[in-house]
Amino acid sequence: MTFLSVLTVLVMSVAKFFLCGLVSYGFNHTFMETLLLTAIGACLGTFSFFRLGKRVIEWFRLRYVRRRTERLAKGLAPKRIFTRTNRMIVRVKHNYGLLGIALLPPILSVPITAMLAAKYFRHDRRALPILMSAVIAWSVVLSTAWGFVR
């Protein structure tokens with residue numbers, strides 16, 4: 001197990017979580033190595049993007065308030081930002097809550113899922129532990145599934 005292969009799997013766990021097990025097995029890692037590397041990488045990515053997401057969301061909120069105030073000062077109507085994608089995300093949030101968002105890392109990616117959780121559940125103390133638990137559970141599932149495929 002070389003440093004470069006470990007680093008590749010860790011970065012892949014953050015970037016594209018669904019395929020990181022396949023990459024790890026491609027480097028001839030064992031099941032336990034694959035499980036640990038994918039879980040550690042995804043947990044590090046979830047933690048960092050959740051914390052970073054809080055700051056980014058606050059920056060965007062302040063930017064939106066400033067721009068809206070400028071438009072109103074000019075006598076223009078505020079722009080609508082409720083798009084089809086926004087509606088889908090809000091629907092998932094309302095129907096499934098934090099657990100629904102925690103199931104998304106293999107489908108979307110770890111950064112997007114963590115940022116969505118930071119946006120909608122940043123004040124919920126359970127958000128980060130639930131996201132971490134979900135990532136670890138998905139790591140077990142995906143490592144096992146890719147183990148059978150290889």
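Numbers here are sequence positions counted from 1.
- No more than 12 heavy-atom neighbours from other residues, nucleotides or ligands sit within 6.0 angstrom of CH2 on W138.
- Under the 3.5 Å distance criterion, the side-chain polar atoms of T69 are matched with a main-chain donor or acceptor of V65.
- Annotation for L131 and A117: closest pair CD1-CB, 3.4 Å, computed over non-hydrogen atoms.
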Would you tabulate the side-chain donor-acceptor contacts of residues 3-20 under 3.5 Å, counting partners in other chains and residues two or more places apart, or write 'none'?
residue, atom, partner, partner atom, Å
S5, OG, T2, N, 3.3
S5, OG, T2, O, 2.8
S5, OG, T2, OG1, 3.3
S5, OG, H29, NE2, 3.3
T8, OG1, L4, O, 2.7
S13, OG, V9, O, 2.8
K16, NZ, L108, O, 3.1

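- In terms of the ring-ring contact (aromatic ring centres under 6.0 Å, His included) criterion, Y64 has no residue partners (sequence neighbours excluded).
- Within a 6.0 Å radius of CZ in R84, other residues, nucleotides and ligands contribute 12 heavy atoms or fewer.
- When all heavy atoms are compared, the tightest approach of A42 to V135 is CB-CG1, 3.0 Å.
- Partners of R51 by salt bridge (charged side-chain N to carboxylate O under 4.0 Å, His left out), not counting sequence neighbours: none found.
- Distance check: I101 CD1 to L116 CG gives 5.5 Å after rounding to the nearest 0.5 Å.
- Although no hydrogens or angles enter the test, the distance criterion places a donor-acceptor pair under 3.5 Å between the side chain of T38 and the main chain of L35.
- A salt bridge is absent between R55 and E58; no separation between the charged side-chain nitrogens and carboxylate oxygens falls under 4.0 Å.
- Within 6.0 Å of CZ in R126 there are 12 or fewer heavy atoms belonging to other residues, nucleotides or ligands.
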* To do: Output, in order, the C-alpha distance, side-chain angles, deciding distance and verdict of side-chain contact (heavy atoms from CB on, under 4.5 Å) for F121 and K93.
  => CA-CA 10 Å; F121 300 104; K93 177 199 170 229; 3.9 Å; yes
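- Within a 6.0 Å radius of OH in Y96, no more than 12 heavy atoms belonging to other residues, nucleotides or ligands are found.
- Salt bridge absent: K74 and E70 never bring a charged side-chain N and a carboxylate O closer than 4.0 Å.
- Across G53 and A118, no two heavy atoms sit closer than the pair C-CB, 3.9 Å.
- The backbone N or O of S143 sits less than 3.5 Å from a side-chain atom of Y25, completing a donor-acceptor pair.
- Looking at R122, its side chain never comes within 3.5 Å of a backbone N or O of K54 through a donor-acceptor pair.
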